[in-house]
Amino acid sequence: MLFLGFSAGLPFMLVFQTLSAWLRQAGIERATIGMLAWVGVLYSVKVLWAPIVDRVPLPFLNRWLGRRRSWMLLAQVGVALGLLNLAQTDPAANLTPVVIGALFVAFASATQDIALDAWRIESAPADLQGAMAAAYQLGYRVAILVGTAGAFWIAGESAGEIASRPEQLEAIRHGWSMAYTAMAGLMAVGVITTLLVREPAPLAAREAEQREQRVVDWLERKAHWPEPLRKAGARFIDAVVCPLVDFFARYGLQLGILILVFICTYRLTDFAMGVMSNPFYIDSGFTLKQIAAVVKGPGLVMSIIGVILGGIVVARLGTTRALVLGSVLVICSNLAYSALASMPAPGMLGLALANGADNLALGVHGTSLIAFLSSLTSARYTATQYALFSSLYALPGKFLMGTSGFVVDAIGYPRFFIYTAALSIPGLILLYWLVRRMPAPHSALGK
């Protein structure tokens with residue numbers, strides 16, 4: 001799970017924060033960088049093709065690896081090829097290939113997430129999902145550091161070798177090309193892990209899917225339809241309609257809607273702030289090597305502590321307290337960034353403290369949310385339901401992310417980080433209502 005978490009986290013940063021730093025160095029406007037973050041909307045609509053990943057076996061690969069691992073392998077190879085393609089682009093000359101390349105990487109990465117989340121939930125019982133989430137988050141956070149600090153360091157070193165040339169933009173392009181090529185090679189971590197792990201044993205509930213009463217009833221009503229059309233309709237109901245009906249049947253319409261709204265609002269701060277953090281570092285005068293040194297030092301330590309702390313809080317104190325703690329820490333870390341942005345000359349110590357606090361907060365925040373979402377899924381519809389939940393938690397944040405550049409231009413960095421901190425308040429309010437309304441027998445929140 002640790003290595004698969006690494007494989008999931010690496011491409012995510014390379015089409016968001018790391019790409020935003022490359023674009024800013026290449027002279028792209030902040031408003032344009034913010035809008036390019038809408039590439040991440042693909043992560044938020046992955047529920048549209050999740051039923052395919054959940055149900056359709058891949059030719060040849062399925063017999064060799066099984067359904068989950070075959071889709072994971074295909075997606076990982078796609079991410080690696082997409083990163084290699086991005087390495088050959090030049091945003092200063094033409095932004096279109098960068099956008100297309102980022103879209104492809106995001107699509108392949110989102111597909112990997114669908115299959116990987118299903119593998120994670122199906123490979124361990126419910127009482128170990130907190131530990132699985134913590135291992136996943138730890139690998140994910142290490143990948144984030146590699147995909148940011150590691151890429152920055154490689155880009156800085158490679159560009160430095162030809163920094164004496166007058167063509168500075170060419171030096172920047174060369175450095176980032178080397179960085180993205182190296183990141184493509186690191187996707188081998190996921191590929192090797194996928195080949196070595198076991199395919200989850202099919203669940204008894206999954207074998208009964210074709211006997212869903214709704215599917216049977218629908219087929220009976222459409223007996224006059226052509227056979228291919230009847231089969232296609234039955235697959236759609238089984239893969240798309242039944243997972244949604246199952247969720248609302250377990251939680252009820254009102255409570256189900258409240259859960260979904262809470263999921264939509266919980267990570268607004270992460271997404272709105274994340275895309276502007278690297279442009280903030282660069283605009284503050286920090287070099288790529290300075291950013292890398294801070295992120296891979298204090299950032300790495302605090303990220304590991306945050307993930308471990310999140311896993312402990314989920315296991316010992318329950319999901320509710322973990323979710324609250326995560327939100328409070330995220331608010332504090334964003335206020336720390338606001339204080340840093342208010343300084344006339346931010347120093348390395350301030351950067352290290354703010355970045356360390358942010359990594360600690362995100363470790364707790366992410367681990368608690370993953371544990372909560374995993375507890376909501378039904379074993380019968382693992383991939384589709386988890387894809388729905390993870391798509392919802394990202395969708396509003398992705399739209400806010402695209403406007404971040406305009407907000408910074410309008411109010412400046414200090415107020416921008418206060419604004420992002422405030423975005424966590426609605427989630428805390430909804431969590432309070434959710435705890436009061438979720439009955440104990442159905443509760444996924446724990447204590």
Side-chain angles (χ1 to χ4, degrees), residues 1-16 39-88 100-123 132 136 139-140 143 146-147 180-203 206 235-236 238-240 243 377 381-388 390-391 394:
M1 197 68 259
L2 183 73
F3 295 121
L4 290 175
F6 179 91
S7 180
L10 191 65
F12 184 78
M13 284 295 103
L14 294 172
V15 294
F16 288 114
V39 165
V41 171
L42 279 175
Y43 285 93
S44 301
V45 297
K46 62 186 178 183
V47 68
L48 298 179
W49 67 93
I52 297 176
V53 178
D54 204 10
R55 292 289 195 272
V56 177
L58 291 171
F60 308 111
L61 286 178
N62 184 72
R63 182 177 300 177
W64 175 35
L65 297 173
R67 184 171 299 176
R68 301 307 183 201
R69 292 195 300 152
S70 61
W71 276 102
M72 286 160 58
L73 180 64
L74 179 66
Q76 288 159 353
V77 172
V79 169
L81 293 176
L83 292 176
L84 284 174
N85 177 69
L86 271 177
Q88 307 307 313
I100 295 173
L103 283 169
F104 180 83
V105 172
F107 175 78
S109 176
T111 303
Q112 179 188 210
D113 288 349
I114 296 169
L116 197 156
D117 288 329
W119 181 91
R120 171 176 55 82
I121 295 171
E122 293 174 357
S123 295
M132 292 287 278
Y136 173 86
Y140 200 98
V146 171
Y180 271 72
T181 300
M183 296 300 110
L186 285 175
M187 284 303 296
V189 172
V191 171
I192 293 171
T193 306
T194 297
L195 295 175
L196 292 178
V197 297
R198 295 180 179 180
E199 178 75 4
L203 300 173
R206 184 172 298 282
R235 290 195 188 99
F236 176 81
D238 182 45
V240 179
T377 62
Y381 309 108
T382 309
T384 302
Q385 286 186 346
Y386 194 90
L388 170 66
S390 57
S391 296

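Just so you know, these numbers use all the heavy atoms, side chains as well, and skip hydrogens, waters and symmetry mates.
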Write down the atom of L195, the atom of R69, and the distance for their closest heavy-atom approach.
-> O-NH1, 3.4 Å
Atom CD1 in I100, atom CG in L86: separation rounded to 0.5 Å?
-> 10.5 Å
Point-to-point distance, once rounded to the nearest 0.5 Å, from CE of M72 to OG1 of T111 = 13.0 Å
How about L196 and F3: do any of their side-chain heavy atoms sit closer than 4.5 Å?
-> no
Could you tell me the separation between the CG atom of L2 and the CE atom of M132, rounded to the nearest 0.5 Å?
-> 11.0 Å
All heavy atoms of Q112 vs all of P11, minimum pair found to be NE2-CG, 4.4 Å
Is there side-chain contact between L14 and V105, with at least one heavy-atom pair below 4.5 Å?
-> no
Between K46 and A110 the two heavy atoms that sit nearest each other are CD-O, 3.9 Å
Are the side chains of W71 and I52 in touch, meaning some heavy atoms are under 4.5 Å apart?
-> yes
Taken to the nearest 0.5 Å, the spacing of D117 CG from T377 OG1 works out to 9.5 Å
For G82 and F104 the tightest heavy-atom approach is CA-CD2, 3.7 Å
Nearest-0.5 Å distance that lies between atom CG in L116 and atom OG1 in T194 = 7.0 Å
For the side chain of E199 and the backbone of R67, is there at least one donor-acceptor N/O pair under 3.5 Å apart?
-> yes
If every non-hydrogen atom of L42 is compared with every non-hydrogen atom of A106, which pair is closest and at what distance?
-> CD1-CB, 4.1 Å
Is any side-chain heavy atom of W119 closer than 4.5 Å to a side-chain heavy atom of L4?
-> yes
With a 4.5 Å heavy-atom cut-off, do V79 and Q76 have their side chains touching?
-> no
Just say parallel, tilted or perpendicular for the rings of Y43 and F12, cut-offs at 30° and 60°.
-> perpendicular
At their closest point, which heavy atom of A108 faces which heavy atom of A75, and how far apart are they?
-> O-CB, 3.4 Å
